[in-house]
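Everything below concerns the one structure shown next.
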There are 2 protein chains.
Amino acid sequence: MENNSIFIEKLRSSGLRPTKQRLEICKLLFDRKKTFHFTIGDLSKILKKETNKKISLATIYNTVHSFKKKGYLKEISINRDKSYFDTNTSNHHHFLDIDTNELIDLKKEDVDKIKIRKNLPGKKIQSIEVLVKVENNN
Amino acid sequence: MENNSIFIEKLRSSGLRPTKQRLEICKLLFDRKKTFHFTIGDLSKILKKETNKKISLATIYNTVHSFKKKGYLKEISINRDKSYFDTNTSNHHHFLDIDTNELIDLKKEDVDKIKIRKNLPGKKIQSIEVLVKVENNN
DNA sequence: ACACTACTTTAGAATCATTATAAATTAGAA
DNA sequence: TTCTAATTTATAATGATTCTAAAGTAGTGT
Ligand SMILES: [Mn+2]
Ligand SMILES: [Mn+2]
Ligand SMILES: [Zn+2]
Ligand SMILES: [Zn+2]
């Protein structure tokens, strides 16, 4: 009744054992059409609701960090209070709704290519990220 | 022997009493030609060295947050571990050296104007920030 | 199926930047 | 100088994240 086999392969191929905790988290994170932006706290709450068996908070942290290390998640820092993770691991830009603290992906075509006209000697560019903060129209 | 009068005015005009702690921090932060990017930890260390009288950590936090509220400092979140503050309160972009965790201002002319081709209904853009992560050339 | 070992999960403790508290001090006004 | 509100301060509390070390599990080989 599940397409778990896909996730099992995904995990195995990156040297992670497909435990039921990891599979549960995989289904929750990667069985989506749209990008998912979440904090560990969000994820923890959702797992509590949508799952019968409990997954310890330590495991959620461990798993999310493993997934990040394997390149399945991207971490986004927008404020010190909490770290956001992103199922869209490509280079992309974001809207941040400062009223709701919600992140929204911008598509390639939504932002002109950024051209940086300065370079630092001995340094090379690793990434260019745009954060567009938006708020309610009065 | 000081141009404290400038800072005293600055503080008074925004309803902050010019205490010696605030003046000390003003001198350290605003008596510079270049932008200063710092964490509270940085500031605390510098104050310990460059000052004879001690300023409590709580006061450093209070003061930096007051200055931010008054618009004399800008907060920049680049990772969850620490919050950076910026004496350049204009809208501007940054290099982040991921080897040293150092922030460097980009000038207006260093980055083409960013054009966002998407808008969210009911929302207006409050700011657009570019973060260019750089690392050592091999 | 069984045993073995490395990997994983887990509860709880530890960490650490930040925030809150509430008592002592100080600045500005009268 | 006196009075009051603003400020400073030491200290405790908070809370997200990381650490620990003990118990459980998956994969391998027999
Ligand atoms: Mn913040
Ligand atoms: Mn981080
Ligand atoms: Zn995203
Ligand atoms: Zn800056």
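Below, chains carry the letters A, B, ... as their sequence lines are ordered, and counting in each starts from 1.
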C:dT18 phosphate, OP1 or OP2: any side-chain N/O from A:R80 under 4.0 angstrom? yes
So, does B:R22 get its side chain near the phosphate of D:dT7, meaning an N or O under 4.0 Å from OP1 or OP2? yes
Any salt bridge linking A:D112 with B:K113? Criterion: basic side-chain nitrogen under 4.0 Å from a carboxylate oxygen. no
Is the shortest side-chain N/O distance from A:T59 to OP1 or OP2 of C:dT10 below 4.0 Å? yes
Taking only N and O in the side chain of B:Y61, is any of them less than 4.0 Å away from OP1 or OP2 of C:dT18? yes
Reading DNA chain C from 5' onward, which residue's closest nucleotide shows up sooner: B:L16 or A:R17? A:R17
Quick one: is A:S83 getting a side-chain N or O under 4.0 Å of the D:dA16 phosphate, OP1 or OP2? no
Between A:H92 and A:H37, how do the two ring planes meet: parallel, tilted or perpendicular, split at 30° and 60°? tilted
Do the rings of A:F30 and A:F7 sit parallel, tilted or perpendicular, given the 30° and 60° boundaries? tilted
To the nearest angstrom, the CG-P distance between A:N62 and D:dT20 comes to 13 Å
Judged by each residue's nearest nucleotide on DNA chain C, which is more toward the 5′ side, B:A58 or B:K20? B:A58
At less than 4.0 Å, is any side-chain N or O atom of A:Q21 found next to OP1 or OP2 of C:dT10? Yes or no. yes
Report which part of the nucleic acid A:K53 touches: base, sugar-phosphate, or nothing (heavy-atom distance under 4.0 Å, all strands). nothing
Side chain B:K70, main chain B:S14, donor-acceptor under 3.5 Å: yes
